[in-house]
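The structure appears below as structure tokens.
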Amino acid sequence: MIDLDKMGIVAFIGKRYGTFNPFGIADKLNIPIMWVDLGSNLMGKVTYLKGNPIILLNVVFKELNSRYFYCAHEVSHVIRHEGLSGAYNLNTKFRDKFEYQATEFADYILINLYREDFGKLPDTYHDIEAEYGIPE
């Protein structure tokens, strides 16, 4: 079910920053993105240096379309879960909830990015999966 409140937040972000491209949003928010070896089980993460977020993305995705999904997912954590990293790290229930919310938010970003890139909404969810490498 589409959450209109979240769609409104995503629309606001796109309007405010002039793009739905998650890399562009991160740039406008002055969030550095670093491509690092995160091993085979971690796609991305947000870390903080002196209170400022840094997005770490797994270098294996640097040339793949899925980089858009993973970046949008991590941008979502910065926007929606700022200051909650302690709860995230200590409690599996919070972690699961935060991961679901970040994935849902990333999906909304990418639906709008598709419209930005192609001038229309996708015909199916598969169109977004194929274009931006959303994992199953």
Side-chain angles (χ1 to χ4, degrees):
M1 175 180 258
I2 293 177
D3 185 326
L4 294 178
D5 288 338
K6 289 181 188 125
M7 286 297 287
I9 293 168
V10 170
F12 173 79
I13 289 168
K15 184 174 183 165
R16 180 171 191 172
Y17 299 115
T19 188
F20 289 101
N21 184 313
F23 292 95
I25 294 167
D27 183 57
K28 300 279 184 172
L29 291 170
N30 296 314
I31 303 168
I33 295 174
M34 297 177 64
W35 295 97
V36 296
D37 182 357
L38 294 173
S40 60
N41 293 328
L42 191 59
M43 307 338 169
K45 70 181 272 180
V46 176
T47 190
Y48 289 84
L49 182 62
K50 296 183 180 181
N52 298 312
I54 299 170
I55 294 175
L56 305 177
L57 293 176
N58 198 323
V59 70
V60 300
F61 299 106
K62 190 171 185 177
E63 302 300 322
L64 301 177
N65 287 352
S66 54
R67 70 185 179 274
Y68 291 98
F69 172 79
Y70 294 119
C71 184
H73 181 95
E74 299 308 326
V75 165
S76 173
H77 281 305
V78 173
I79 292 170
R80 301 200 58 212
H81 304 136
E82 182 180 11
L84 297 177
S85 61
Y88 178 89
N89 290 328
L90 294 174
N91 187 313
T92 311
K93 183 177 177 182
F94 279 123
R95 185 171 37 248
D96 292 345
K97 180 179 178 182
F98 292 164
E99 288 303 310
Y100 174 81
Q101 288 173 343
T103 295
E104 182 181 45
F105 199 78
D107 286 346
Y108 291 151
I109 290 280
L110 296 178
I111 289 168
N112 283 282
L113 179 59
Y114 190 96
R115 181 172 48 192
E116 181 179 311
D117 287 346
F118 297 98
K120 68 180 188 100
L121 287 172
D123 294 323
T124 67
Y125 189 74
H126 177 73
D127 294 342
I128 302 165
E129 290 174 320
E131 190 63 33
Y132 304 116
I134 296 174
E136 294 181 13

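Note: Asn65 CG to Ile128 CD1 = 13.0 Å, rounded to the nearest 0.5 Å. Put simply, NZ on Lys28 and OG1 on Thr19 are 8.0 Å apart, with the number rounded to the nearest 0.5 Å. Interatomic distance, CG of Leu57 versus NZ of Lys62, reported as 10.5 Å (0.5 Å rounding). One distance of note links CZ of Arg16 with CD1 of Ile9; it measures 13.0 Å at 0.5 Å rounding. A distance of 14.0 Å separates OH in Tyr100 from CZ in Phe105, rounded to the nearest 0.5 Å. Rounded to the nearest 0.5 Å, atoms CG (Asn21) and CG (Asp117) are 7.5 Å apart.
At a threshold of 4.5 Å between non-hydrogen side-chain atoms, the residues Asn112 and Val10 count as touching. Looking at heavy atoms from C-beta onward, Ile25 lies in side-chain contact with Ile109 at the 4.5 angstrom threshold. The side-chain heavy atoms of Leu113 and Leu110, taken from C-beta on, include a pair separated by under 4.5 Å. In this structure, Asp107 and Tyr125 have side chains that are in contact, with non-hydrogen atoms separated by less than 4.5 Å. The shortest distance between side-chain heavy atoms of Phe69 and Thr103 falls below 4.5 Å. Between Trp35 and Arg67 the shortest side-chain heavy-atom distance falls below 4.5 Å.
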* Please test Ile13 against Tyr108 for side chain to side chain contact (heavy atoms under 4.5 Å, CB included), starting from the C-alpha separation and ending with a verdict. => CA-CA 11 Å; Ile13 289 168; Tyr108 291 151; over 6 Å; no
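Between His73 and Ala102, the shortest heavy-atom contact is CE1-CB, 3.4 Å. When all heavy atoms of Phe118 and Tyr132 are compared, the closest pair comes out as CE1-OH, 4.1 Å. When every heavy atom of Ser66 is checked against every heavy atom of Gly133, the shortest pair comes out as CB-O, 3.1 Å.
Side-chain atoms of Asn58 come within 3.5 Å of backbone N or O of Gly39 as a donor-acceptor pair. The backbone N or O of Phe20 lies less than 3.5 Å from a partner atom in the side chain of Glu116, making a donor-acceptor pair.
Screening Ile33, Val36, Leu42 for a side-chain contact (heavy atoms from CB on, under 4.5 Å) with Leu56, the sole residue that qualifies is Val36. Across Val46, Leu29, Ile79, a single residue satisfies side-chain contact (heavy atoms from CB on, under 4.5 Å) together with Pro53, and that is Val46.
In the hydrophobic clustering of ILVMFWY residues, with side-chain heavy atoms under 4.5 Å counting as a link, Val59 and Leu38 come out apart. Ile54 is not connected to Ile31 by any chain of hydrophobic side-chain contacts under 4.5 Å among Ile, Leu, Val, Met, Phe, Trp and Tyr, and they are in different clusters.
There is a side-chain donor-acceptor pair under 3.5 Å between Glu99 and His77.
When the shell of 6.0 Å around NZ of Lys120 is examined, it contains more than 12 heavy atoms from other residues, nucleotides or ligands.
Between Phe23 and Tyr68, the ring planes lie perpendicular to each other; the angle is over 60°, past the 30° to 60° tilted range.
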